[in-house]
Amino acid sequence: RGAVEITGTAFGSRVQDPVALVTAGRDAVALVNLPDATRTWGTELTVRYRREGFVAVASHAWTRATEQQPEAPAGVRREVPLTPRHAASAMAVWEGERWGRLGLEAYAIGRQSREDNPFRTSSATQLIVGAIHERRLSERLRVFVNLENLGNVRLTRRHPLVRPARLPNGRWTVDAWAPLEGRVVNAGLRVAW
C-alpha cells in the first residue's frame, strides 16, 4: 500500500524417519532413524518501506521445531538444537545520487538450545549490528567501507570453542551458535566498465 509493503508467511514441515547420530559404545557412534517425526512450524512477517532514496526493512520469524530426543523412548521430544524460536532484523539504506549510499543493519537472534555442549545448555540472545558506506567518486568509480558485528559478539566471549574432552564421534569443538570471527571491517573499490 503506497510506500509500505507487508508480507506474512506461515510454514510447516514434518520429516518422517529422521536420521540421528547416537552413541554406540565408549568411542563409537551410529546413524539411526528415529521412530518419531521431526516437526517444524512457524511464521514470518516482513515490512518494507520505500520512499525516494530511502528503504527500510524489518522482519520477525517465529519457529517451533521439535524432534525426538535421541536415545530416548518414543514421545520424548526436545527443541531442535541451533534453532532459535525468535529471530528479527532491521535494515535501512539511504542513497543519494551525489554522495552515495549509507546503510545500517541489526539482527537479533533468540535463545537456541545446545547439544553436546559442556559449557551451557542454551545460548544467550544476541544482537549483531553492521553498517556500510559507499561513496561515488566518479561515474565509474566508487569506494566503500563495510563494518560487520560492530559489538564484537563472539562465541568465545561466552565459553571456549574447544571441549575439555573429545566426543565419541571424534569432535573436539562445540557447535557454533554465535559468530566466531568477531568484528569485521573491510573496504574496497568498485569500478564500472
Side-chain angles (χ1 to χ4, degrees), residues 1-15 38-67 79-114 120 122-159 161 175-193:
R1 196 164 259 255
V4 178
E5 176 184 330
I6 300 173
T7 305
T9 306
F11 58 88
S13 71
R14 180 183 172 97
V15 177
T38 297
R39 299 181 200 112
T40 304
W41 62 96
T43 60
E44 185 174 17
L45 178 66
T46 303
V47 178
R48 286 182 186 84
Y49 175 81
R50 296 176 194 187
R51 172 118 13 217
E52 295 162 13
F54 177 78
V55 176
V57 180
S59 70
H60 177 270
W62 177 83
T63 305
R64 177 83 164 125
T66 62
E67 65 183 5
E79 297 280 328
V80 173
L82 302 174
T83 307
R85 282 239 185 135
H86 297 276
S89 67
M91 180 271 303
V93 176
W94 297 268
E95 190 166 5
E97 178 90 17
R98 291 175 298 156
W99 58 272
R101 179 180 4 203
L102 176 65
L104 299 170
E105 62 185 359
Y107 300 94
I109 302 157
R111 183 192 67 76
Q112 304 169 52
S113 67
R114 308 273 50 80
R120 62 188 315 154
S122 68
S123 71
T125 299
Q126 307 161 60
L127 178 64
I128 299 170
V129 178
I132 186 168
H133 178 62
E134 182 178 90
R135 179 82 178 170
R136 181 186 303 256
L137 301 177
S138 71
E139 190 65 34
R140 294 179 162 223
L141 197 59
R142 294 178 184 209
V143 63
F144 69 89
V145 63
N146 184 42
L147 309 161
E148 298 178 17
N149 194 0
L150 290 172
N152 205 20
V153 175
R154 289 195 297 238
L155 181 136
T156 53
R157 290 189 170 200
R158 304 290 182 157
H159 63 69
L161 183 60
D175 286 328
W177 55 268
L180 299 176
E181 67 279 358
R183 184 178 299 119
V184 176
V185 178
N186 57 57
L189 197 60
R190 291 186 186 193
V191 180
W193 300 101

Is there side-chain contact between V185 and V145, with heavy atoms separated by less than 4.5 Å? yes
Hey, could you give me the CZ/CD distance between R101 and E134, rounded to the nearest 0.5 Å? 4.5 Å
Do the side chains of N152 and R157 get nearer than 4.5 Å, heavy atoms only? yes
If I take atom CZ from residue R142 and atom CG from residue L137, how far apart are they, to the nearest 0.5 angstrom? 10.0 Å
So which heavy atom on R111 is nearest to which on T125, and how close? N-OG1, 3.8 Å
Among all residues two or more places apart in sequence or in another chain, which pass the side chain to side chain donor-acceptor pair (under 3.5 Å) test with S89? S59
Could you tell me which non-hydrogen atom of R48 sits nearest to which non-hydrogen atom of T7, and how far apart they are? NH1-OG1, 4.2 Å
Looking only at heavy atoms, what is the nearest atom pair of L155 and A176, with distance? CD1-CA, 3.9 Å
Side-chain heavy-atom pair W62, L45 within 4.5 angstrom cut-off: no
Check whether any side-chain heavy atom of Q126 sits under 4.5 Å from a side-chain heavy atom of W177, and report yes or no. yes
Flag, side chain of R114 to backbone of Q112, donor-acceptor distance under 3.5 Å: yes
For R50, all residues meeting side chain to side chain donor-acceptor pair (under 3.5 Å), sequence neighbours excluded: none
Are W94 and L104 packed together at the side-chain level, in the sense that at least one heavy-atom pair is separated by less than 4.5 angstrom? yes
What's the spacing between T43 OG1 and F11 CZ if we round to 0.5 Å? 6.5 Å
Can you find a heavy atom in the side chain of N186 that is under 4.5 Å from one in the side chain of N146? yes
Nearest-0.5 Å distance, CG of residue L102 to CZ of residue F54: 10.5 Å
Between the main-chain N or O of G182 and the side-chain N or O of N149, is there a donor-acceptor pair closer than 3.5 Å? yes
Atom CD of residue position E181 - does it have more than 12 heavy atoms of other residues, nucleotides or ligands inside 6.0 Å? yes
Between CD on residue E67 and CZ on residue R39, distance to nearest 0.5 Å: 11.5 Å
In short, V4 meets I6 closest at the heavy-atom pair CG1-CG1, 4.0 Å
So L127 and V153, side-chain contact (heavy atoms from CB on, under 4.5 Å) or not? Walk me through it. CA-CA 8 Å; L127 178 64; V153 175; over 6 Å; no
In this structure, CZ of R154 is separated from CZ of R183 (nearest 0.5 Å) by 8.5 Å
By side chain to side chain donor-acceptor pair (under 3.5 Å), R135 pairs with (sequence neighbours left out) none
A side-chain contact here means heavy atoms from C-beta on lying under 4.5 Å apart; do I128 and P179 qualify? yes
Looking only at heavy atoms, the pair that brings E97 and R136 closest together is O-NE, 3.3 Å
H86 side chain to A61 main-chain N or O, any donor-acceptor pair under 3.5 Å? no
Work out which heavy atom in T63 is nearest to a heavy atom in P84; give both atom names and the distance. CB-O, 3.9 Å
